[in-house]
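Inspection log for the structure reproduced underneath, given as C-alpha cells.
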Protein chains: 2
Amino acid sequence: MDSVPTAPDDRTGRARIRDAALRRFGDDGVDGTSLRVIADDAGVSPALVVHHFGSKAGLVRDCDEHVVATTRRAKQQAMATGAGLDALGSLREAEASRPLLRYLARRLVDHSPQVATLVDELVTDAQAYLATGEDTGMIRPTSDPWGRAAVLTIWSLGALVLHEHVARLLGADLTEDTAGLVAYSRPAVEVLGSGVFTEDIAASLQAAYDDLAQVPAPDASTDQHPPHLTAEPPPGIG
Amino acid sequence: MDSVPTAPDDRTGRARIRDAALRRFGDDGVDGTSLRVIADDAGVSPALVVHHFGSKAGLVRDCDEHVVATTRRAKQQAMATGAGLDALGSLREAEASRPLLRYLARRLVDHSPQVATLVDELVTDAQAYLATGEDTGMIRPTSDPWGRAAVLTIWSLGALVLHEHVARLLGADLTEDTAGLVAYSRPAVEVLGSGVFTEDIAASLQAAYDDLAQVPAPDASTDQHPPHLTAEPPPGIG
DNA sequence: CTTGACGCTGACTAAACGTTCAGCCATAAT
DNA sequence: ATTATGGCTGAACGTTTAGTCAGCGTCAAG
C-alpha cells in the first residue's frame with residue numbers, strides 16, 4: 001500500500017527524514033519528538049513525513065526495521081570475522097552508527113516486536129558463539145547454555161541502555177567513542193574472566209540456587225533451545 | 001511553597017495520586033501518561049493533581065524522591081542483614097514494591113538527577129560490600145574495585161530495565177515474582193562464580209586491554225574513589 | 001502539447017494536552 | 001452566626017499535537 005517493498009528512491013527526502021527521526025528518537029525518545037522537528041531537521045514539511053510513512057507509528061516502524069536490518073548485516077559480518085561475545089560487535093566501531101546505537105538503546109525498553117526478535121537472535125547467536133568457544137577451549141562449559149547466553153547478552157545490552165550512567169561512572173560513553181568501550185570492557189572482562197566469587201562460595205551459591213529451583217539443574221541432554229520465544233518469526237531472511 | 005516538607009496528611013488523595021502515577025509512569029512512561037488518566041485512576045479530578053504537586057514535573061519529582069527514599073530505606077535494611085551484591089536486594093521481595101521497581105526501571109533511562117545519584121550510591125555501596133567480601137574471603141581481589149562495582153551494578157540494573165526481555169528469554173519477570181529472580185540469578189551466579197573464559201584466554205584478554213589503555217592498569221595505591229561523580233550532592237541526608 | 005505520476009507544500013482540523021480559575025462543601029476556630 | 005482553611009471540582013483556557021486535503025511545480029511518457 002504505502003510502503004515500497006525495496007525502495008530504490010532512497011536518496012531523496014525519505015532517507016533524510018529517517019535519519020533525522022533516528023537521531024531525534026534516539027536522543028529525546030519517540031514520545032518526546034514531534035513530527036515537526038523531524039521534518040525541520042530533514043528540511044522538509046511535516047506533511048511529507050506522513051506522506052512517506054503514513055503516520056508517526058509508521059515512521060517508528062520503519063526506523064525499527066532499518067536498525068534491525070543494519071544490525072543483522074553487521075552481525076553476520078561480525079560472525080564471519082569472529083567478533084563474538086560482544087553482542088553489537090562491529091556496529092560500535094562505525095562512527096555513522098552512533099545514532100543507530102542510541103536509537104536501539106531507547107527502543108529496547110519500549111514494546112517493539114522487531115527489537116524483541118532482534119534480541120532473541122542476538123541471544124541465539126551468542127549461544128552458538130559460546131558453544132564453538134567451548135569446543136576450541138576458550139569458553140568454560142556450562143550446565144545452562146541458553147541461560148548463560150541470555151544473561152551475557154542482557155548484560156551487554158543493559159550497559160548500552162544505561163550508557164549515560166556508564167559514562168558518568170566510568171568516564172566514557174559506550175555510544176560515543178571506542179575509549180568508552182574500553183573503559184567498560186576492561187572491568188567487564190576481568191569479571192567475565194575469573195568471576196567475582198571465590199571458588200567455595202561460588203559452589204555453595206550454585207548449590208543454593210539448585211535447591212531453590214524444583215528441578216535440580218538444567219540437564220545437558222534436554223533441548224537447549226529457548227523455552228520462550230517471540231511469537232513473531234524473523235521477518236525478511238528470504 | 002507547594003510541597004509540604006514532611007507531609008502528615010498522606011492518607012488523603014495525595015498518596016492515591018502518587019501511587020496511581022507511579023504505576024502508570026512505570027507501565028507507560030512519563031511522556032506516555034496524561035494527568036487525566038492518573039487522576040482517573042486515583043478517583044480525583046485532574047485539577048487536584050496540580051493542586052497538590054504544582055505541575056506534572058512536580059509530580060514526577062515527587063515520585064522520584066519517593067522511590068529513591070524507599071530504595072534507600074530498603075538498602076540500609078539490606079546492608080544490615082547482609083544481602084549485599086544484589087543492588088535492589090530486599091526491595092524485590094515486597095509485593096507492594098512491584099510498581100516501584102517498574103517505575104525505577106523506566107526512570108533509569110530518562111535524565112533524572114535523583115535517579116543518577118541513587119545509581120552512584122548503589123555503586124558505592126556495592127564497592128564497600130565487595131571490599132568486605134574480599135576481607136572475609138568470599139570475593140576475589142581486583143585491580144579496579146570501582147570499575148568492578150560499577151560494572152556489576154550496571155548489569156544488575158540493566159537486567160531490571162530490560163526485564164521484559166529477560167522475562168521473554170528466561171520465562172519469569174524480575175518485577176513480577178521471586179521465581180523471576182531465581183530464573184535470572186542462577187545463570188548469573190554461575191557466570192559470576194567462575195567466569196566464562198578459560199584461564200589462559202582470560203589472561204591474554206586482560207593483557208590486551210591493559211595494552212589498549214595508556215596506563216598499564218588502575219593502581220591499587222591510587223585513590224579508589226569514583227573518577228566522575230554526579231554534580232549534585234545527595235539531597236536530604238541532613 | 002497534453003497527460004499523468006510523483007515529490008512536496010501551506011493551510012487547515014480535531015483532539016489531547018497541561019494548566020488556570022472561580023467556587024463548592026466540609027470541618028474547625030472565632 | 002460568622003469567618004477561615006483546605007481538599008476538591010467543573011468548566012474552561014491556550015498550546016501543541018498528529019493527521020487531512022487541495023493543489024503546487026517538475027519531469028518523463030505518449
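Letters A, B, ... are given to chains in the order of the sequence lines, protein chains preceding strands, and every chain is numbered from 1.
Distance CG (B:Leu48) to P (D:dG7): 9 Å, rounded to an integer number of Å. If you measure from atom CG of B:Leu59 to atom P of C:dT19, you get 10 Å, rounded to the nearest angstrom. To the nearest angstrom, C1' of D:dA18 lies 16 Å from CZ of A:Phe53. For the pair A:Lys56 NZ and D:dA18 C1', the interatomic distance rounds to 8 Å; values are reported in whole Å.
Contact annotation: A:His51 side-chain N/O to C:dT9 OP1/OP2 distance is not under 4.0 Å. OP1 or OP2 of D:dC8 lies within a sub-4.0 Å distance of a side-chain N or O belonging to B:His52.
Nearest nucleotide to the side chain of A:Ser55, out of D:dG7, C:dT20, D:dG19: D:dG19. The B:Pro46 side chain lies nearest to C:dT19 when the options are C:dT19, D:dG10, C:dG10.
Side-chain contact between B:Leu118 and B:Leu104 is present, with at least one heavy-atom pair separated by less than 4.5 Å. A heavy-atom distance below 4.5 Å is found between the side chains of A:Val119 and B:Arg168. Within the 4.5 Å cutoff, side-chain heavy atoms of A:Asp41 are placed close to those of A:Arg24.
Listed by residue number, B:Arg36, B:Gly43 are the residues of residues 28-43 of chain B with a heavy-atom contact under 4.0 Å to DNA chain D.
Ring pair B:Tyr184/A:Trp155 is perpendicular by interplanar angle, where above 60° counts as perpendicular and below 30° as parallel.
Stacking of A:Arg61 on the aromatic ring of A:Phe53 is not recorded, the 6.0 Å distance cut-off and the 45° axial limit not both being met.
Counting non-hydrogen atoms of neighbouring residues, nucleotides and ligands closer than 6.0 angstrom, the CZ atom of A:Arg98 exceeds 12 such neighbours.
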